[in-house]
Amino acid sequence: MKKVTVAKGDGIGPEIMEATLDIIMAAGAQIEIEEIEVGEKVYLSGNTAGIAKESWDVIRRNKVFLKAPITTPQGGGYKSLNVTTRKFLGLYANVRPCASFHPFVQTKHPVMDVVIIRENEEDLYAGIEHQQTDEVVQCLKLISRPGCEKIVRYAFEYARQYGRKKVTCFTKDNIMKQTDGLFHKVFDEIAAEYPEIENEHWIIDIGAAKMADTPEAFDVIVMPNLYGDILSDVAAQIAGSVGLAGSSNIGEECAMFEAIHGSAPRRAGQNMANPSGLLQGAVMMLTHIGQTEVAEKVQNAWLKTIEDGIHTYDLYKEETSSRLVGTKEFAQAVIANLGQQPQKLPPVNYAKDKAITLPRYKRKSPAAKELTGVDLFVHWPGTDADELAGKVTAIAQDGIQLTMITNRGIKVWPEGFRETFCTDHWRCRFKRTDGGVLSKKEIIGLLESAESHNLDIIKTENLYKFDGKDVYSLGQGQ
Ligand code: NAD
């Protein structure tokens, strides 16, 4: 008997959770449920995290968490419980299978069967944001080598386990050469370890367009957090309905399973919602805890129910459905089909499936790191880059010179364009005239000099060579 933490959530959450649990228990799931309260009530009681400390203890003890959607109250100060849970528990892989069930669920993409594997802990979701000047705010995009290695390896291991033929990587590394560039580089490195699986990389914009238009061209797609968040909803929606897709959030110790949709408050308490998304999450959970026979039984009964045309309102169409049902009746229909196989849709076979575990990330030996310059970011309300260059040159120390000024990344000095629009946020790059190494003391000297010249430095960014290679972006147009 495996102990599982369950949260019934908000809105349609309690109804779809009840339906899901009824189905998996009827199928013989060997689980003991420990329920916790998370979400709206907890938020509104004054807890901005939406979860009590004791509930964390339960989640960490049981290690497996089945969570219904929750409502994050409007207004400032409330932290997303999903993001916090994924990051606190190290749930680095978010797996979202998006398949169409043609002709039983209407879709423009009858042969779609895509699995989106989304990095779940970093990228812009680090949530590190600052206002720096009157006009400019900043969000840090953090991409790490361990983060990339774990998610990319997970994608290839997933493909291997589920007999998938191809893993595609989506990034925007033509623009973000360091962050997305690292993701792409790691993808190429790890892909080479799986020669039996085809691999390819697409720039995210055209890749996303292709996926929305021709999803059958893709199999497993791995991508950084933000892109994965957006594109997995697109994929679920074009497969038929966001109400159909479940997701797993996998970490080295813990895992969380859920529907991809939200709490649909307008549908709450009306016995209308489709429990399929959460049920798909529960099927992934059963596989994860080794109860593959139960998972298979549930999935085949569910496929049979969909194929029989027994549909909730979100899927119901006169041409493809036979009966419009509520949440409870849908669950009863799936239960009645337990032990049966779908006749037209391919039945699933999970006998060989198991939780995917990766070797722990081992930190690599450090590279030779040399400090070769510094970017000073200046809050300055003027508009003429030459005028700023004059002021900033005055703070330069012996042997250190101003080499460039950019505004929102585009070079505006030397030889900027009059047409370039400038904000009050300027990056001033300093390097040694001889191209040599800089000391931290010299940077402090620059900052002290800036202070005495009344220049408002809002942050600095060190420029490094790692193993002899410059690892920072040039100014656009440089
Ligand atoms: P939503 O996913 O709740 O609803 C979007 C649309 O899909 C609505 O029209 C809804 O009626 C429909 N829908 C969603 N699930 C359905 C189902 N199972 N059956 C039938 N129809 C379904 O998104 P939203 O309206 O943007 O957000 C509502 C609340 O959910 C917000 O408070 C949001 O913060 C929260 N949310 C929670 C999660 C989560 O807990 N994982 C995820 C997304 C949104």
Side-chain angles (χ1 to χ4, degrees), residues 5-20 23 36-44 48-51 55 59 65-87 89 91 94-96 98 105-106 118 120 125 225-226 228-230 232-249 255-282 284-285 302 305-306 310-317 321 324-331 334:
T5 308
V6 164
K8 291 191 172 158
D10 302 313
I12 58 170
E15 298 159 68
I16 60 173
M17 182 59 86
E18 196 185 328
T20 297
I23 295 168
I36 56 165
E37 174 104 54
V38 297
E40 200 171 19
K41 259 198 219 142
V42 185
Y43 281 120
L44 295 178
T48 51
I51 178 168
S55 302
I59 294 172
F65 182 19
L66 181 63
K67 189 182 107 350
I70 58 166
T71 302
T72 311
Q74 297 289 316
Y78 299 110
K79 289 277 179 197
S80 159
L81 178 60
N82 280 336
V83 176
T84 314
T85 308
R86 290 167 186 161
K87 294 180 70 170
L89 299 179
L91 310 180
N94 187 202
V95 183
R96 297 183 165 194
C98 301
V105 176
Q106 253 192 12
R118 160 190 173 193
N120 220 11
Y125 287 65
N225 203 341
L226 178 64
D229 187 3
I230 297 166
S232 58
D233 272 31
V234 173
Q237 183 66 36
I238 66 171
S241 160
V242 281
L244 282 179
S247 93
S248 62
N249 299 268
M256 174 169 79
F257 301 86
E258 57 186 342
I260 76 159
H261 59 74
S263 57
R266 280 193 312 126
R267 306 288 179 191
Q270 298 161 54
N271 189 39
M272 283 181 82
N274 187 350
S276 297
L278 188 59
L279 186 66
Q280 293 301 300
M284 290 192 246
M285 175 186 81
W302 177 77
T305 310
I306 294 292
I310 301 174
H311 293 165
T312 42
Y313 83 93
D314 55 318
L315 301 184
Y316 186 84
K317 297 268 169 346
S321 309
L324 174 64
V325 290
T327 315
K328 279 199 182 111
E329 295 71 30
F330 182 81
V334 177

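The structure displayed is predicted, hence computed values, not measured ones. Counting starts at 1 for both ligands and their atoms, in listed order.
Counting only heavy atoms of the protein, atom 25 (O) of ligand 1 lies nearest to P265 CD, 4.8 Å. In terms of protein heavy-atom proximity, atom 7 (O) of ligand 1 is nearest to V242 CG2, 4.1 Å. Taking atom 8 (C) of ligand 1 as the reference point, the nearest protein heavy-atom neighbour is A264 CB, 4.8 Å. Protein heavy atom nearest atom 40 (O) of ligand 1, with residue, atom name and distance: I70 N, 2.9 Å. Protein heavy atom at the shortest distance from atom 9 (O) of ligand 1 is R266 NH2, 4.2 Å. When hydrogens are left out, the protein atom nearest atom 36 (N) of ligand 1 is G262 CA, 3.4 Å; that is the closest non-hydrogen contact.
Contacts between N82 and ligand 1, counted as non-hydrogen atom pairs separated by less than 4.0 Å, involve the side chain only. Contacts between R267 and ligand 1, counted as non-hydrogen atom pairs separated by less than 4.0 Å, involve the side chain only.
A 4.5 Å side-chain heavy-atom check between N271 and E329 finds at least one atom pair inside the cut-off. With contacts defined as side-chain heavy-atom distances shorter than 4.5 Å, the pair H261/I16 qualifies. Looking at T85 and M256, their side chains come closer than 4.5 Å, going by heavy atoms from C-beta outward. You'll find the side chain of V105 stays beyond 4.5 Å of the side chain of S241, heavy atoms only. Side-chain atoms of E258 and L66, non-hydrogen and from C-beta on, never get closer than 4.5 Å to each other. Counting only heavy atoms from C-beta outward, the side chains of L81 and Y43 approach each other to under 4.5 Å. Side-chain contact between N249 and F65 is absent, with no heavy-atom pair separated by less than 4.5 Å.
Comparing G277, S263, A245 by heavy-atom distance to atom 31 (C) of ligand 1, the nearest is S263. The closest heavy-atom contact to atom 17 (C) of ligand 1, among the options N274, D314, L81, comes from N274.
In this structure, E15 CD and T327 OG1 are separated by 5.0 Å, a value rounded to the nearest 0.5 Å.
Residue contacts with ligand 1: T72 is included, with a non-hydrogen atom under 4.0 Å away. Within the 4.0 Å heavy-atom cutoff, M272 does not count among the residues contacting ligand 1.
Short contacts between ligand 1 and K67, defined as distances under 4.0 Å to a heavy atom of the residue, involve ligand atoms 40 (O), 41 (N). Taking every non-hydrogen atom of E258 and a distance limit under 4.0 Å, the qualifying atoms of ligand 1 come out as 41 (N). Atoms of ligand 1 lying under 4.0 Å from at least one heavy atom of T71, given by number and element, are 32 (O).
Within the 4.0 Å cut-off (strictly below), no protein heavy atom is located near atom 5 (C) of ligand 1. Inside a 4.0 Å radius of atom 27 (O) of ligand 1 there is not any protein heavy atom. The protein reaches atom 19 (N) of ligand 1 closely, with a heavy atom under 4.0 angstrom from it.
Remark: R118 is positioned above the aromatic ring of Y125, its terminal NZ or CZ atom under 6.0 angstrom from the ring centre and at most 45 degrees off the axis.
The pair R96-D233 counts as a salt bridge, with a side-chain nitrogen and a carboxylate oxygen less than 4.0 angstrom apart.
Counting heavy atoms of neighbouring residues, nucleotides and ligands inside a 6.0 Å radius, atom NZ of K87 exceeds 12 of them.
An N or O contact shorter than 3.5 Å links Y313 to ligand 1 by distance.
When all heavy atoms of S232 and C98 are compared, the closest pair comes out as O-SG, 4.0 Å.
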